[in-house]
Each structure stands twice: as C-alpha cells, then as structure tokens.
Asker: 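Input: one structure, supplied below.
Because only heavy atoms are used, hydrogens play no part in the values below, and waters and symmetry mates are left out as well, while side chains stay in. This chain uses plain numbering: 1 for the first residue, then up along the sequence.
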Amino acid sequence: MSVLDTPVSTAAPVAPTAGLTTVFVRLKLALLRNGLRQSSGRRAAFIVSLVLSLLLAAGQVLGLVLLRGNEHAGTVVVLLTGVLALGWAVLPLFFPSGDDTLDPTRLVMLPLRPEPLVRALLVSSMIGIGPLFTLCLVVGSVLALAHGAAGVLFAVLAVPLTMLLCVALSRAVATANVRLLNSRKGRDLAVLSGLVIAVGIQFVNFGAQRIGRAGGLSTLDPAASVVRWLPGASAVASVDAASDGAYGVAAAQLLITVAALGALLWLWQRSLVKLMTAPDGSTLAAAEPAREKASGRGGLSALLPEGRTATVMQRSLRYVARDPKTKAAWVTALAIGAIVPLLNAVQGTGSVYFGCFAAGMLGMQMYNQFGQDTSAFWMVALTISSPRDAYVELRARALVLLLLTLPFTLLVCGVTAAVIGDWRSLPGALGLSCALLGSMLATGAVASALFPYSIPQEGAFKNVVPGQGGLAWISILGGMLAAALLSAPVIVPTVWMHVGGHHDALWLMVPGGSVYGALVGWAGLRFAASRTANRLPEILAAVSKG
C-alpha cells in the first residue's frame, strides 16, 4: 500500500510538500540540462528542433493575426483550438513525448500527497517545446479575436485556462491508461487505438479537402457553433463572444472551461491515487508452465538463408510480431500507407503515384534500427567486430523490411491504379516506389548509425528518452529529405515522360527504378556498416539510455 492513502495521524513523518512544485520544475530542468550536456549532437538537435518549432509557431501566429477582422476568424480559431485540445489528449500516447518526472509509477514509494503531487506534475508539464508551441497558438488565437476592453479581459483569462486544460487533459488520459498500456496485452490494444487515430486524421484531411471544394470557410460555421461550447475551445470562444458584446454567452463559455478543468483535475487525482495504491492485476496471475520447443530449422526458418542472416531476420520479425511499440509502428504505417492513396482514388482526386506513399511510410521503419533493441543491443554489439559483420546485420534487417514492404507496395499501387483506371501510370509509380524504398533503406541505415536514440521499455507513452526527442526528429526528417533527394534521378525522368507525353516509355522505370533503388540501398548499407563498426560504443550508450 502506498503512502498516498495513509491517514496523516498514523503516517510516518512526511517531507514538506509546500515546495514540491519547485522541486519538480527544477527536476524537469535538470533532466533537460543534463541530457543536453551528454553530447554536442544532442544540443544541436535540440536547438534545431526548438528553432523549427518557433518558426512554425511564428508562422501560425502571423496567419492568425492576419485573420483579425475577418468574418470567419471566430470559426477558424475555435476549430483550431478544439483540434489542439484533442491533440493534447491523444498524441502524447503515440508520439515521442514525456519524461520521467511525468511517470507516476516512479513515485509510488515517495511520501507524497495527491493534491500537491497533481499541482507539481501540472506545472512541470508546462515546460517543453510542445507547451511553448501550444502557448504561441493560443496567444495568436486570442489576438485574432480580441476587440475592446471586454475582449482583452476575457483573452487574459482564456490563455492560461486553455493551457491548463490541455495539459491536464493530457496527463489525466495518460494516468488513466498507464497501467493498461504497460501490460503486454494492454499495449497490444494500443495498436488498435493508434490505428483508429491514424485513420481519423486521414478522414479529417479528406474532410478539409471537401470543404475547400464546397465553398470555403462558411461551410465550417455549423461545426464551429457546436465546438465553441466544448471545453477545449470554449475559453477562446468566450473572447469572440465578449468582443461582440454577448457578455452572458462569454461568461458561460468561460465557466465551461473552468468546470471542465476542475473535473479533469479531480479525475486525474483519483486515477493517480488508484494507480499508486491498488495492486497491479497483471502481476497476480500465475505464470504458465513453460513449453518445450522443438529444435531444428522449420517453418519460416527453413526458407531463410543460413547463418547470421537467418538469425537477424527471425529476430526482427519477432520484434514486429511481439513488441507492442514495434507492432504499433508497423500497423500504423500499413494503415496510413493504404488509406491515403485509396481514399484519394475513391474521391476522384488521387493519382497512381500516391501509391508511393506506402513505400515512404514503411521505409520509415528502417530508421533507428539499433534503438529497437534497447539495452539488449549489447549482445548484438558483441557479435560485430568488423564492417563486414555490421553490413550483414544491417542487410538482414533491410531484407525483413523488403519482405514486408515490397508486396504491400505492389498491392497498393495496383489497387489504386484499378480504382482510378490509369494503368499507363502504374509502371512509373512502381519504379518510383522502388527507388524511394531503396533510398530510405540507405538513409535509414546511415541515420541508425549516426543518430541512434533509445526507445524506453517501461513507458507506454514514450518512444524516446528525455533529451533525445530533438535528435529523433532530426534523424527521421533529415533522413527523409535525403531520401527524396536521392530519388531525384528517377523522379526527374518520370516527370519528363509524363510532361512530354511519352507514356509508352514508362515501363522502363520499373527495371530502372528497381536497379537504382537496389544500388542506392546497397551503397547506403555499405557506408553505414563502416560507421556502425567504428561507432559501436557510442551507439550502445545512446540506445541503452531507456
């Protein structure tokens, strides 16, 4: 039993909690500072990530300010704030975020009371690039709507209330699901949740396309009239109402946010107490008797090459089938890779070349290959004594990706061509997909060697350890940009054939793109192999942080 439910009169002496918020803030800053001190690469990645986020936020704020005075400004701002609040609720579960100060399971044995703990966690959650970006958007939103003294007054109240609501919503959802997603079966259920969110994002995208064709922002007014009464957007909507002189409506909308914030804090506190005092049911079940497995090569093993290649491929395939985070990444990539081209094709706005999206999404799985092994990578590192060993290791991992990606890409491109009825462009799409996949194999292998990062095992909501988030984003985004540049020798002639009307020659792109992709992939693996062999201690230190 945790000290959280121990009465004050019978508990052992408890440390003062008046300065708990200060302690958590200092801990958050110390973790960030110490993470950046570990290497110049992390500092550079963090700075670049921060600068890019601020530039994007500045662009968003400028766009919102330019909406000031527009008749549809309230509609756009209210819907944007609603989507922002929804993102705070779901995105931290499936994207790199969080740190150890926000993991309540690490605080079970500490003499902390629920109320000060919630306050400390809430305030410390305000530190980071994500909260800063959100603050910029909220400030830009109220600047677009505030007119007159009443509007400014409600804007001053709306900004902190919206920020607190977003952070409290995120932490309440995380705490309520931490035990479920930390269990083996529960984390498998997260795969389905991630798939639902990925599909939902695509439907939002296609809905926005339909709005653009249907007559502009006025079609959003009915949706905005509903969203402005929801807690995530009601505080910002109150600024619009106050600026128009509807003070009663503005007060009601602001009170909705206050009430929702209070309810979230209460639910968060209850979930926190339950999490830190109730036994974990997953630890009570008796272990199943061990099953003896027959030795020898059978099943898939019999189809794979002998030696290290077969061993590495089987290990990678088991990661895909058994590791919840790896499985979630693959399922999400498969779903989005099929949804984007097929839904566009059904709507009549797509192209056969949208099938390349499948190769791009699955090619991303090549990045951070060693981080997937986490601390177990030391066993792999012991078997690598030369660039040849590293090349065989990387080649086997790339073969697993090709084994799953090539048939799926061919299927998506073929079905997309059938739905659209454009069979002439299919060879170009296939050749371009092969070139893109080979380029991503090359850049993914190089990024895995030069920019490895750790994937925590115990955190259901974290895919990268604190201090490495910027490194992860730079590795993936930089690698994808490099892959696009490497694919240019295939992209340029494909575009030229379309523009010049040489559709009959597009079939040349199938062997051309395949050969080019194979050569680029081979060269990338060779280049990455030497870097991997020379940087094994650095890679091992980076991927073992979680």
Side-chain angles (χ1 to χ4, degrees), residues 41 96 304 308-330 332-333 359-384 386-406 437-457 463-465 468 471-480 482-483 486 520-546:
L304 298 177
R308 182 182 186 127
T309 300
T311 302
V312 176
M313 291 183 69
Q314 288 187 71
R315 184 182 69 227
S316 298
L317 289 172
R318 286 195 176 101
Y319 281 161
V320 176
R322 297 181 181 179
D323 180 62
K325 291 186 177 180
T326 304
K327 186 190 301 183
W330 272 96
T332 302
M361 288 299 301
L362 295 176
M364 290 176 61
Q365 308 308 311
M366 187 65 188
Y367 293 86
N368 197 35
Q369 280 292 310
F370 306 128
Q372 298 176 9
D373 298 339
T374 62
S375 58
F377 177 69
W378 71 271
M379 292 187 291
V380 177
L382 289 176
T383 66
I384 299 177
S386 66
R388 173 63 184 174
D389 294 334
Y391 171 73
V392 175
E393 175 77 23
L394 288 169
R395 183 187 63 186
R397 295 174 185 243
L399 287 175
V400 170
L401 190 141
L402 291 174
L403 180 66
L404 300 174
T405 301
L406 278 179
L437 183 58
S439 300
M440 296 195 76
L441 289 178
T443 57
V446 174
S448 297
L450 299 181
F451 306 105
Y453 56 91
S454 179
I455 301 176
Q457 299 181 39
N463 293 316
V464 60
V465 298
Q468 293 185 338
L471 184 66
W473 286 113
I474 294 300
S475 171
I476 296 175
L477 295 178
M480 292 174 63
L486 286 176
V520 170
W522 172 81
L525 292 176
R526 285 289 186 185
F527 181 83
S530 60
R531 274 39 183 196
T532 301
N534 295 332
R535 300 187 71 251
L536 275 179
E538 292 87 350
I539 296 174
L540 181 59
V543 302
S544 301
K545 295 297 182 182

Asker: Quick one: OH on Tyr391 to OG1 on Thr532, what's the gap to the nearest 0.5 Å?
Answerer: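 Interatomic distance, Tyr391 OH to Thr532 OG1, rounded to 0.5 Å: 13.0 Å.
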Asker: Cut-off 3.5 Å, side chains only: do Tyr367 and Thr443 have a donor facing an acceptor?
Answerer: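 On atom types as modelled, these side chains qualify, holding a pair under 3.5 Å.
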Asker: For Gln369 and Met366, work out which heavy atoms get closest and say how close.
Answerer: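 Heavy atoms only, the tightest pair is CG-O, 3.1 Å.
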Asker: Does some side-chain heavy atom of Arg535 sit less than 4.5 Å from a side-chain heavy atom of Pro452?
Answerer: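 A side-chain contact exists here, since the closest heavy-atom pair is under 4.5 Å.
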Asker: How far does CD of Gln314 sit from OG1 of Thr309, to the nearest 0.5 angstrom?
Answerer: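 Answer rounded to 0.5 Å: 11.5 Å.
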Asker: Once rounded to the nearest 0.5 Å, what's the spacing between atom OG of Ser454 and atom CD1 of Ile539?
Answerer: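 CD1 of Ile539 is found 13.0 Å from OG of Ser454.
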Asker: Which pair of non-hydrogen atoms, one from Leu536 and one from Phe377, has the smallest distance, and what is that distance?
Answerer: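 Heavy atoms only, the tightest pair is CD2-CZ, 3.9 Å.
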Asker: Is the closest side-chain heavy-atom distance between Val380 and Arg315 below 4.5 Å?
Answerer: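 Yes, at least one pair of side-chain atoms sits under 4.5 Å.
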Asker: Is Leu437 close to Leu402 at the side-chain level, that is, under 4.5 Å between some pair of heavy atoms?
Answerer: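 Leu402 vs Leu437: side chains touch.
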Asker: Within the structure provided, determine whether Leu525 and Leu441 are in side-chain contact (heavy-atom separation under 4.5 Å).
Answerer: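 No, too far: nothing below the 4.5 Å cut-off.
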Asker: Give the minimum heavy-atom separation between Ala396 and Met313, together with the two atoms involved.
Answerer: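 In terms of heavy atoms, the two residues are closest at O-CG, 3.5 Å.
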Asker: Does any part of the side chain of Leu540, heavy atoms only, come nearer than 4.5 Å to the side chain of Phe370, both counted from C-beta?
Answerer: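 Counting from C-beta outward, Phe370 and Leu540 never come under 4.5 Å.
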Asker: Does the side chain of Leu404 come within less than 4.5 Å of Trp330's, by heavy atoms?
Answerer: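 Side chain of Trp330 against side chain of Leu404, heavy atoms only: contact under 4.5 Å found.
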Asker: What's the separation between atom CG in Leu394 and atom CG in Asp389, rounded to the nearest 0.5 Å?
Answerer: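 Interatomic distance, Leu394 CG to Asp389 CG, rounded to 0.5 Å: 11.0 Å.
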Asker: Nearest 0.5 angstrom please: Thr405 OG1 to Met440 CE, how far?
Answerer: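 Reported value, rounded in 0.5 Å steps: 10.0 Å.
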Asker: Check Ala442 against Gly521 and note the closest heavy-atom contact, atom names and distance.
Answerer: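 Minimum heavy-atom separation between Ala442 and Gly521: CB-CA, 4.2 Å.
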Asker: Any side-chain donor paired with an acceptor under 3.5 Å for Thr383 and Arg308?
Answerer: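 Side chains of Thr383 and Arg308: pair found under 3.5 Å.
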Asker: Considering all heavy atoms of both residues, which atom of Ala449 and which atom of Arg531 are nearest to each other, and what is their separation?
Answerer: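 Nearest pair, atom of Ala449 first, then Arg531: CB-CB, 4.1 Å.
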Asker: Which pair of heavy atoms, one from Ser439 and one from Ala483, lies closest together, and at what distance?
Answerer: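 Closest approach of Ser439 to Ala483: CB-O, 3.5 Å.
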